[in-house]
Amino acid sequence: MEEEQEKLGFLSEEGEEYWTELEVAVRAVQMACNLCQRVQDTLISNIGTNHHQVQSKDDNSPVTVADWSVQAVVSWMLSECLGSENISIVAEEDVQTLTKANASQLLEAVVETVNKSLAEAPRFGVQEPKSALKTSDVLEIISRCNSTGGPTGRFWVLDPVDGTLGFVRGDQYAVALALIEDGEVKLGVLGCPNYPMRKEWLSYHHRYHRIISKLTPPSSETWNKGCVLYAKKGSGKAWMQPLLHVNKMFVWPNHAKQVSVSPVDNPALATFCEPVEKANSSHSFTAGLAHSVGLRKQPLRVYSMVKYAAIARGDAEVFMKFARAGYKEKIWDHAAGVIIIQEAGGMVTDAGGLPLDFSKGLYLEDLDRGIVACSGATLHEKIIEAVDASWGSSSL
Ligand SMILES: Nc1ncnc2c1ncn2[C@@H]1O[C@H](COP(=O)(O)OS(=O)(=O)O)[C@@H](OP(=O)(O)O)[C@H]1O
Ligand SMILES: [Mg+2]
Ligand SMILES: [Mg+2]
Ligand SMILES: [Mg+2]
């Protein structure tokens, strides 16, 4: 990994195309990460007292004030900086829950969070709104993200908070933004506000240890790091900025350094990551795969697209996800992570070895069984072969 520090401005040397979009996307994700950190701190320090800030969706998955607020802030940033007439966004959240009669407290919290964040826009080199956004404005910018994607044209893909479960548990989560054109991912930006300074701490469950364990956790100084990763299609490079903290002095543009995947191709030395929840990916199937290809280390179970970040940064070598039959993977859960890993030198395919297809609307419609991301071709090939060998006897 190159240690040299570079300004974000380096990117203009790689060609003009998408340069403006990438710049705006990185700023938007930096702002979103700051917003999330504030909300997560409040949630964790007031456990039990602000129930309205976390809601349950129809599928029982959580959604929070941060999910809607990030969607609003990113939607505002893209429209403001690139012109609302040019913007089409596919995003995870809608305003249904927010506009229910009994949700006024929730909606109020979202509007307040959004305005607080937008007031800080100048610190990210963007002019703040002339006056605070009204409730109707906030609902409008959230619901404007109603594109359904597809094979033609240009659209953004946003997962405002990925790994919401990790977020409410005080653990890892990500903000993911990608630009897709004619079915192909062109840009990816991945904010990982709790990405630790040392990779060993990725498996460290912060809140759990703080409350229950006598172990000394990393001090907040060393723990509370975070990064924003990004890449542009075809550049062969992926970059990382430290997270900008609004309460500390900083000057935009931020510094960036190049990241690349791990050179490890011996399965015995490789680390594989997977979702924390068994309901999201079969732990028993991946344990069988790990055994048959000779992956010897314990799986690194981490919430969210931070798993993609870990591969791109060279902190782990493999990411596997095998959801239950019938579950359709959504494009916002993968687009940004896939391009960042690819440009950092890694490979991402479905379990049949084919690239993920982002041209079919909201879902990865034709995904073959699961997702396999690797730092290199050797590990990738071994895993794809192992999937074929063990699929028949799996109950997936
Ligand atoms: N049943 C099922 N199977 C597979 N995947 C599902 C399922 N339900 C939800 N999701 C999506 O998984 C996203 C979270 O993935 P993670 O890798 O973070 O999972 S885990 O929390 O670590 O277990 C999560 O993203 P967020 O909603 O943005 O958190 C979902 O889009
Ligand atoms: Mg969700
Ligand atoms: Mg998600
Ligand atoms: Mg989400």
Side-chain angles (χ1 to χ4, degrees), residues 8 11-12 14-32 35 67-96 98-99 107 110-111 113-115 117-160 175-191 230-234 252-253 330-332 335-336 339 358-362:
L8 184 76
L11 284 162
S12 52
E14 288 174 13
E16 291 298 309
E17 216 186 4
Y18 305 115
W19 156 241
T20 312
E21 288 81 0
L22 181 54
E23 245 258 321
V24 170
V26 171
R27 289 173 201 240
V29 170
Q30 285 276 7
M31 268 177 78
L35 183 164
D67 300 61
W68 286 296
S69 302
V70 167
Q71 189 162 314
V73 164
V74 173
S75 169
W76 183 87
M77 279 284 285
L78 294 179
S79 288
E80 191 69 16
C81 301
L82 302 169
S84 56
E85 64 288 358
N86 304 321
I87 299 300
S88 168
I89 308 174
V90 175
E92 182 179 355
E93 310 305 339
D94 59 43
V95 295
Q96 247 187 329
L98 278 183
T99 47
L107 182 54
V110 170
V111 174
T113 308
V114 168
N115 279 313
S117 174
L118 293 183
E120 284 162 358
R123 316 234 20 200
F124 299 87
V126 177
Q127 215 177 3
E128 78 262 47
K130 284 175 203 71
S131 54
L133 301 192
K134 299 191 293 287
T135 303
S136 56
D137 300 328
V138 172
L139 288 171
E140 196 277 320
I141 53 176
I142 295 173
S143 48
R144 193 190 289 166
C145 308
N146 61 354
S147 165
T148 50
T152 53
R154 180 187 277 211
F155 57 91
W156 293 88
V157 181
L158 171 67
D159 192 339
V175 175
L177 181 61
L179 179 67
I180 295 187
E181 194 166 66
D182 297 333
E184 205 176 44
V185 186
K186 301 292 188 187
L187 298 176
V189 184
L190 195 54
Y230 48 92
K232 190 171 101 164
K233 173 90 186 171
W252 189 270
K330 292 136 188 157
I331 56 173
W332 55 74
I339 182 148
F358 291 94
S359 75
K360 293 276 159 51
L362 301 183

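Only a predicted model underlies this, so the values are computations on that prediction, with no experimental measurement involved.
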Which atom pair, heavy atoms only, marks the closest approach of P160 to E93?
CG-CG, 3.9 Å
Tell me which one of V26, V24, V175 satisfies side-chain contact (heavy atoms from CB on, under 4.5 Å) with V189.
V26
Point-to-point distance, once rounded to the nearest 0.5 Å, from OG of S131 to CG of L118
11.0 Å
Distance-only, no hydrogens or angles: does the K232 side chain make a donor-acceptor pair with backbone N or O of E17 under 3.5 Å?
yes
For A178 and A336, work out which heavy atoms get closest and say how close.
CB-N, 3.8 Å
For E120, check salt bridge (charged side-chain N to carboxylate O under 4.0 Å, His left out) against everything at least two apart and list the hits.
R38
Closest approach of I141 and A72, non-hydrogen atoms and distance?
CD1-O, 3.3 Å
How many angstroms lie between CG in L133 and CG in N115, if you round to the nearest 0.5 Å?
5.0 Å
For A25 and W156 the tightest heavy-atom approach is CB-CZ3, 3.8 Å
Is a side-chain N or O of D182 found less than 3.5 angstrom from the main chain of G153, in a donor-acceptor match?
yes
For a 4.5 angstrom cut-off between non-hydrogen side-chain atoms, does E92 reach K330?
no
Heavy-atom donor-acceptor pair, S88 side chain to S147 backbone, under 3.5 Å
no
Could you measure the distance from the CD atom of E80 to the CD atom of E128? Nearest 0.5 Å is fine.
10.5 Å
Close side-chain approach of V74 and V29, heavy atoms under 4.5 Å:
no
Should I339 and F358 count as side-chain neighbours, where that means a heavy-atom distance under 4.5 Å?
no
Does the side chain of L179 come within less than 4.5 Å of R154's, by heavy atoms?
yes
Do V138 and L98 come close enough that some side-chain heavy atom pair is under 4.5 Å?
no
Check L22 against L187 and note the closest heavy-atom contact, atom names and distance.
N-CD1, 3.7 Å
One should read off an interatomic distance between E23 CD and L82 CG, to the nearest 0.5 angstrom, of 10.5 Å
Could you state the interatomic distance from CH2 (W68) to CG (L139), rounded to the nearest 0.5 Å?
11.0 Å
R144 versus S79, side-chain donor and acceptor atoms under 3.5 Å
yes
Of I331, L177, I89, which meets side-chain contact (heavy atoms from CB on, under 4.5 Å) against V157?
I331
Q71 side-chain N/O to I142 backbone N/O, donor-acceptor pair under 3.5 Å:
yes
What heavy-atom pair brings L190 and A176 nearest, and what distance separates the two atoms?
CD1-CB, 3.7 Å
Where the side chain of T99 meets the backbone of Q96, is there a donor-acceptor pair that is under 3.5 Å apart?
yes
Contact between Y18 and K233 at the side-chain level, heavy atoms closer than 4.5 Å - yes or no?
no
More than 12 heavy atoms of other groups within 6.0 Å of E85 CD:
yes
Can you check whether T113's main-chain N or O pairs, donor with acceptor, with S117's side chain at less than 3.5 Å?
no
